[in-house]
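A quick write-up on the structure given underneath.
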Amino acid sequence: MSANQEIILSGIRPTGRLHYGNYFGAVHHFLRLQQEGKRCYYFVADYHALTTITERREVYRQTLDMLRTYVACGLDPLQSVIYRQSDLPSTAELALLLGMITNIGHLERGTTYKDKFAQIQDDPKVAGNPLSYGLLGYPVLMAADILIVKADVVPVGDDQRQHVEMAGDIAQKFNARFGETLQIPRSVARNALRLPGLDGAAKMGKSDNNTLDLLDDEKTVLKKIKGVPTTTDPAPLNTDSNDPNDIVPQMAPGVGVLYRLLHLLAPEEVYLEFVAEYRAQGKFYGKLKQTLAQHVSAFNAPIIERYNDPANGDDAIKDFLRENAKKVTPVALDTVESCREAMGIGRSLHRG
Ligand code: TRP
């Protein structure tokens, strides 16, 4: 690892168990970057979780479970710096400093805030926090996450791209006002896949109750896949292409999600065989579901096994969290101290 190597950073909110949408939208890319030998920083955004989680007693538990699943999927805390956001409390200090130069108008255009604002207009009793200061400041905290480790590249799904761009804007504004201090994140990977839900909805999401989970056992997988709505018979496809991006949009939503998953998990010939079945417009959905369920279970099996491995228990997770927090702390403090100095309050008088 050379010192001038690009730094990749991404975060995921602790939602307990990872689902296929999280996996193919994010974790899959994290793994690829790790395999390419990139210098990767991945963290669990437990501060951010406080903006929406209603059951606060579960945040810590869910954070540990999430990390355990990360490791079970192949993220290696020795290769990638995997940490917990709140173990880098200097992030909160940086967010405070960045907040001083961030316009409220800019934040009010943030997607997370805007969506919640709209929801509250519809139904003032929506679960979770009200329109909190923390929610409005969500992109500032996210900017702090990114800027504090001097990240170059921030791979995220489409829904987070605007937030990453805001981080770049904030850093630019800071540098323009106080001199070159912050590293501007250079680019965002744009190839993240958005997986539809098992109910055929546009997005797989925990709160929509339509997820396929990495820790689902064989029985659960079969039950969930069987439940995918496939009431619409195949209609002729208006293309010769077999690419899921070309054909899935022509299918009924439930059928489409089966093909998306099959394409991700099964060997190419199995996928093509079922595309041919679709074109032949026979009755094969039962067989398709059985086959897909087998591939999903085969994908899940080693993950479940590693998840349950006693060597991957809470103590092991806490050990690597501690070690990795120590690894990121020096760079984080360096950033915060430079910002304090640039803004005029001077360096901390007691910190290392
Ligand atoms: N907001 C992101 C999400 O909801 C998680 C996140 C927090 C993040 N801080 C980040 C992602 C910094 C990338 C960089 O998924």
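One-based numbering, in listed order, for ligands and for the atoms of each. Just the heavy atoms: all of them, side chains too, but no hydrogens, waters or symmetry mates, feed the values below. Keep in mind it's a predicted model, so treat the numbers as computed, not measured.
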Item to complete: Give the single entry among Ile146, Asp145, Thr91 that approaches atom 14 (C) of ligand 1 most closely by any heavy atom.
Response: Ile146
Worksheet entry | Val154 contact mode with ligand 1 (heavy-atom cut-off under 4.0 Å) | side chain
Discussion item. At less than 4.0 angstrom from any non-hydrogen atom of Val156, what atoms of ligand 1 do you find?
Written reply: 11 (C), 13 (C)
Practice prompt. Taking the side chain as every heavy atom from C-beta outward, state whether Glu341 and Phe178 have any atom pair closer than 4.5 Å.
Written response: no
Practice prompt. Using the six-membered ring wherever Trp is involved, compare the ring planes of Tyr41 and Tyr83 and label them parallel, tilted or perpendicular (cut-offs 30° and 60°).
Written response: perpendicular
Discussion item. As an exercise, identify every atom of ligand 1 less than 4.0 angstrom from a heavy atom of Tyr138.
Written reply: 1 (N), 2 (C), 3 (C), 4 (O)
Worksheet item: Are Leu214 and Tyr23 side-chain neighbours, meaning at least one heavy-atom pair lies under 4.5 Å?
Response: yes
Discussion item. In the structure I gave you, are the side-chain heavy atoms of Thr69 and Arg306 within less than 4.5 Å of one another anywhere?
Written reply: no
Worksheet, complete the sentence: To atom 3 (C) of ligand 1, the nearest of Gln160, Met142, His48, Gln85 on a heavy-atom basis is Gln160
Item to complete: Report yes or no: does Asn210 contribute a side-chain atom to a donor-acceptor pair with the main-chain N or O of Gly205 at less than 3.5 Å?
Response: yes
Discussion item. For atom 5 (C) of ligand 1, what is the closest protein heavy atom, and at what distance to 0.1 Å?
Written reply: Gly11 O, 3.6 Å
